[in-house]
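What follows is a set of notes on a single structure, which appears directly below.
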Amino acid sequence: MSEPGDVIYYDGRFCGRYDAQLPITAHVVNYGTGCFEGIRAYWNEEQEQLLVVLLREHLQRLLRSARILKLDFDAEVDPLVESCLELLARNGYRSDAYLRPMVMKVGETIQVKLTGIPTVFCAYTIPMGDYLETGRGLSLTVSAWRRIEDNAIPARAKVNGSYVNAALASDEAREKGFDEALMLTSDGHLAEASSANVFLVQDGTLITPEPGDDILIGLTRGAILELARHDGIPVRERKVDRSEIYAADEVFLCGTGVQIGPVTSIDGRTVGLGKPGPVTTHVQERYLSAVRGRTTDFAHWRTPVYPRGNG
Ligand code: PMP
């Protein structure tokens, strides 16, 4: 009997998890030349429905990443949406899941280049609950590793190889006893966490680093900006100094994996009152109830996997 996650999609066909394998000579194995997405799907028991969060937006970002990488991949978004929905359905999920589509240079050449290398679209899924322990507040540190800059490897593209930068920072943080790392731009402004965006709250305003400050322009970040505007919370996207994050009333991380992760200490300084603040709690509750389909608000964030009306 197959388990959720057993079926994958590789180059136009559905197959078993281990039926598609890359030779060690594949370009992406050698140079990290691919881009990917991380997408959540939430199981709604009441509706007996699996709800995929911001699916089209993630696949649009994947296509933009592929363009930056000259991945010779000129797919339209609609067929990718259909393949991803069918993949989740074929895996028969009745629990929360994570979807990982990728566009990779699989051609076999030793040359370091981007053009003229065969490219493949593939996707797999895994069951996924909470990624970081978000029940208690997170303790963060500002990493000694700088965020890779737009003129090195563009942060707005979700490039496989650039996750070495994220891994260096998050490992360093965990080795020092923190939960996660915040990374600065090369000119010392706040960029983001190793695999999440960051918001702070000052005097009731939500503030987050602007796209020009070497961030992945997160879709959760976008959803929070939309939610805040909808709920009348003032928002600003701007440059953020390192010391602002130490002085903020509230801080939280956001991303597909972490969802909304309240931060209670940074580099040994207590954030606010040392527990999730009111704006963070509001955003967290509103976001989670929207992605889980427990409210009719923000219905455009959710794509159902199973035919409607089967539950
Ligand atoms: N920044 C980085 C570096 C990430 O890897 C992620 C996770 N994809 C995010 C931010 C958050 O992006 P999203 O909300 O689209 O998941």
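Just follow the structure's listing: the first ligand is 1, and inside any ligand the first atom is 1. Values below: all heavy atoms of this structure, side chains included; hydrogens, waters and symmetry mates excluded.
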Taking atom types as modelled and ignoring hydrogens, do the side chains of Ser265 and Arg269 form a donor-acceptor contact shorter than 3.5 angstrom? no
With a 4.5 Å heavy-atom cut-off, do Arg242 and Val142 have their side chains touching? yes
Polar atom proximity, Lys158 to ligand 1 (N or O, under 3.5 Å): yes
For the 3.5 Å polar cut-off, considering only N or O atoms, please tell me whether Cys254 and ligand 1 meet it. no
Contact check: Arg61 vs ligand 1, nitrogen or oxygen atoms, below 3.5 angstrom: yes
Taking atom 6 (C) of ligand 1 as the reference point, the nearest protein heavy atom with its distance: Ser195 O, 3.3 Å
With a 4.0 Å cut-off on N to O distance, would you call Arg56 and Asp78 a salt bridge? yes
Starting from atom 1 (N) of ligand 1, what is the nearest protein heavy atom, named by residue and atom, and what distance separates them? Glu192 OE1, 2.5 Å
Nearest protein heavy atom to atom 3 (C) of ligand 1, by residue and atom, and its distance? Ser194 O, 3.4 Å
If we count only N and O atoms by modelled type, under 3.5 Å, do the side chains of Thr125 and Tyr93 hold a donor and an acceptor together? yes
What's the shortest distance from atom 12 (O) of ligand 1 to any protein heavy atom, and which residue and atom give it? Gly218 CA, 3.4 Å
Does any donor atom in the side chain of Glu226 or Trp301 lie under 3.5 Å from an acceptor atom in the other side chain? yes
Protein residue, atom and distance nearest to atom 16 (O) of ligand 1, heavy-atom basis: Thr256 OG1, 2.6 Å
Looking only at heavy atoms of Gly38, does any of them come nearer than 4.0 Å to an atom of ligand 1? no
Looking only at distances, please establish whether an N/O atom of ligand 1 is found under 3.5 Å from an N/O atom of Tyr163. yes
Ligand 1 N/O within reach of His58 N/O, cut-off under 3.5 Å: no
Can you say whether the rings of Trp43 and Tyr306 are parallel (under 30°), tilted (30 to 60°) or perpendicular (over 60°)? perpendicular
Any donor-acceptor N or O pair under 3.5 Å, side chains Tyr163, Lys158: yes
Determine, using ring centers only, whether Tyr9 and Phe121 are less than 6.0 Å apart. yes
Any idea which protein heavy atom is nearest atom 14 (O) of ligand 1, and the distance to it? Thr220 OG1, 2.6 Å
If you measure from each non-hydrogen atom of Ala166 to ligand 1, which part falls under 4.0 Å: side chain, backbone, both or neither? neither
Just by modelled atom types, is the Leu182 backbone N or O under 3.5 Å from a matching donor or acceptor in the Arg147 side chain? no
Just to be sure I read this right, does ligand 1 sit under 4.0 Å from the backbone of Ala155, its side chain, both, or neither, counting only heavy atoms? neither
